Amino acid sequence: MRRPIIGIAANEIEDAGAKLYHLPISYTPCGYVKAVQNAGGLPLVLPVGSPNLAKEYIKQIDKLILAGGQNVSPALYGESVQLEEASLSEKRDQFELALIEEAIAQNKPIFAVCRGLQLVNVALGGSLYQDISHFSDGKIAHMQVPVSREIPTHQIQTEDTSILRDIYGKKTTVNSFHFQAVKKLAKKLKVTALSEDGIIEGVESNDSNLAFLGVQWHPDFAFDHLEQEMAVFRYVVEEL
């Protein structure tokens with residue numbers, strides 16, 4: 001039986017930190033790759049490139065994963081940038097926006113994590129909080145430091161009849177690594193999980209023509225420690 005081909009949008013770093021060469025690299029965190037493999041899928045990493053390549057990349061895959069990483073540029077939802085420029089990547093934003101457009105056009109499901117969820121929301125007409133520290137008022141540390149990345153640190157509650165309810169139950173605890181969050185939700189999306197302080201943690205599609213699941217936490221950090229995080233990757237590979 002053919003393994004589903006799961007495209008994972010990659011990231012770039014200008015300096016890999018090598019002592020001798022300081023080479024720029026294209027990469028994706030191994031958690032996505034290993035979790036997809038463990039779920040029976042065949043991961044295919046899609047390096048950042050020209051948006052013109054998106055159509056051909058999406059043709060090669062069955063489903064798309066958008067990973068975490070840099071902040072999404074506020075310019076994409078009509079706001080002035082109040083963030084450090086170093087935390088943004090216009091090249092990655094534009095490439096992944098093209099991947100999203102093509103995945104929707106070609107009816108390929110999308111699983112989006114952290115930044116990925118935020119970018120899909122923006123691509124579909126939504127907006128973001130540029131800095132959630134003002135929103136959460138310090139009640140919950142959404143950037144968990146120095147706790148180990150696989151350890152869940154704050155509680156979420158899922159909505160009835162949602163994909164996330166079936167996987168995670170009514171309430172669970174997840175990890176948290178983000179500075180931004182969904183503000184205005186795009187019309188084609190619906191909230192399916194909230195944190196204790198009201199930040200949107202899970203989003204799914206309310207459009208029958210769009211197969212989409214997004215989470216604000218990082219299952220890729222904990223798939224080999226927590227069954228619920230491996231379960232979401234199995235759902236993506238087998239059912240989404």
Side-chain angles (χ1 to χ4, degrees), residues 1-12 25-51 53-70 72 92-121 123-124 149-150 162-164 166-168 174-175 177 189 192 202-205 207 209-240:
M1 185 175 179
R2 177 181 174 277
R3 289 175 177 264
I5 300 173
I6 312 299
I8 305 171
N11 200 353
E12 284 187 353
I25 61 171
S26 180
Y27 71 97
T28 194
C30 286
Y32 295 100
V33 172
K34 292 179 179 179
V36 167
Q37 290 172 333
N38 290 352
L42 187 67
L44 183 65
V45 177
L46 311 179
V48 178
S50 167
L53 300 173
K55 185 173 184 178
E56 291 302 313
Y57 274 130
I58 296 300
K59 283 182 179 180
Q60 307 303 314
I61 66 175
D62 297 306
K63 302 173 186 183
L64 174 66
I65 291 180
L66 298 170
Q70 297 93 333
V72 174
R92 187 181 180 194
D93 284 347
Q94 293 303 319
F95 179 64
E96 291 187 353
L97 285 170
L99 291 178
I100 292 166
E101 181 179 1
E102 278 300 327
I104 294 172
Q106 297 183 35
N107 296 311
K108 302 291 178 71
I110 302 172
F111 176 51
V113 172
C114 197
R115 164 198 155 85
L117 179 161
Q118 297 164 11
L119 187 63
V120 171
N121 182 58
L124 296 177
R149 64 188 181 186
E150 76 275 3
S162 66
I163 295 168
L164 293 177
D166 291 341
I167 297 171
Y168 290 89
V174 297
N175 59 27
F177 297 87
L189 303 177
T192 55
V203 173
E204 298 170 22
S205 172
D207 184 334
N209 295 316
L210 172 61
F212 174 72
L213 173 62
V215 297
Q216 186 57 72
W217 64 94
H218 277 266
D220 55 299
F221 288 172
F223 76 96
D224 53 353
H225 289 80
L226 299 172
E227 171 54 30
Q228 65 181 18
E229 307 303 358
M230 187 60 231
V232 75
F233 279 103
R234 281 197 295 270
Y235 174 82
V236 170
V237 171
E238 297 174 0
E239 300 184 54
L240 183 64

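All values derive from a computational prediction rather than experimental measurement.
Considering CG of Leu213 and CD1 of Ile110, their distance stands at 11.0 Å, rounded to 0.5 Å. Distance CG/Leu99 to CD1/Ile65: 12.5 Å, rounded to 0.5 Å. Rounding to the nearest 0.5 Å gives a distance of 5.0 Å between CG of Leu164 and OG of Ser162. Rounding to the nearest 0.5 Å gives a distance of 8.5 Å between CD1 of Ile6 and CG of Leu42. Atom CG of residue Leu53 and atom CD of residue Glu102 lie 11.0 Å apart, to the nearest 0.5 angstrom. Remark: Tyr32 OH to Ile8 CD1 distance equals 8.5 Å, nearest 0.5 Å.
Considering only heavy atoms from C-beta on, Ile58 comes within 4.5 Å of Leu64 through its side chain. Looking at Leu124 and Ile104, their side chains come closer than 4.5 Å, going by heavy atoms from C-beta outward. For the pair Asn38/Phe233, no side-chain contact is recorded, criterion being any heavy-atom separation below 4.5 Å from C-beta on. Residues Val236 and Val36 are not in side-chain contact: their nearest non-hydrogen atoms beyond the backbone lie 4.5 Å or more apart. With contacts defined as side-chain heavy-atom distances shorter than 4.5 Å, the pair Ile5/Gln60 does not qualify. At least one side-chain heavy atom of Val113 sits less than 4.5 Å from a side-chain heavy atom of Pro219.
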Evaluate the criterion side-chain contact (heavy atoms from CB on, under 4.5 Å) for residue pair Leu226 and Glu150; output intermediate values, then yes/no. CA-CA 8 Å; Leu226 299 172; Glu150 76 275 3; over 6 Å; no

One pair to check against side-chain contact (heavy atoms from CB on, under 4.5 Å): Thr192 and Ile163. What are the steps and the verdict? CA-CA 8 Å; Thr192 55; Ile163 295 168; over 6 Å; no

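The minimum heavy-atom distance linking Ala222 with Asn175 is given by the pair CB-ND2, 4.4 Å. Among all heavy-atom pairs drawn from Ala211 and Leu240, the shortest one is C-CD1, 4.4 Å. The heavy-atom pair separating Met230 from Phe223 by the smallest distance is CB-O, 3.4 Å. Of all heavy-atom pairs spanning Pro47 and Ser26, the tightest one is CB-OG, 3.5 Å. Across all non-hydrogen atoms, the minimal contact from Ser205 to Leu210 is OG-O, 2.8 Å. Residues Asn11 and Gly69 approach most closely at ND2-CA, 4.3 Å, considering heavy atoms.
In this structure Glu12 satisfies the salt bridge (Lys or Arg N to Asp or Glu O under 4.0 Å) test together with Lys91, sequence neighbours excluded.
The side chain to side chain donor-acceptor pair (under 3.5 Å) contacts involving residues 221-232 comprise Tyr168-Glu229, Thr172-Gln228, Trp217-Glu229, Glu227-Arg234, where partners must be two or more places apart or lie in separate chains. Here side chain to side chain donor-acceptor pair (under 3.5 Å) pairs that include residues 108-118, with residues two or more places apart or in two chains, are Asp93-Arg115, Glu96-Arg115, Gln118-Gln216.
The residue from Leu117, Leu97, Leu119 that alone fulfils the side-chain contact (heavy atoms from CB on, under 4.5 Å) condition with Val72 is Leu119.
Judged by distance alone, the side chain of Asp62 and the main-chain N or O of Pro4 form no donor-acceptor pair under 3.5 Å. Thr28 places no side-chain N or O within 3.5 Å of a backbone atom of Val45 that could act as its donor or acceptor partner. Under the 3.5 Å distance criterion, the side-chain polar atoms of Lys63 are matched with a main-chain donor or acceptor of Val237.
In this structure, the ring of Tyr235 has its center no less than 6.0 angstrom from the ring center of Phe111.
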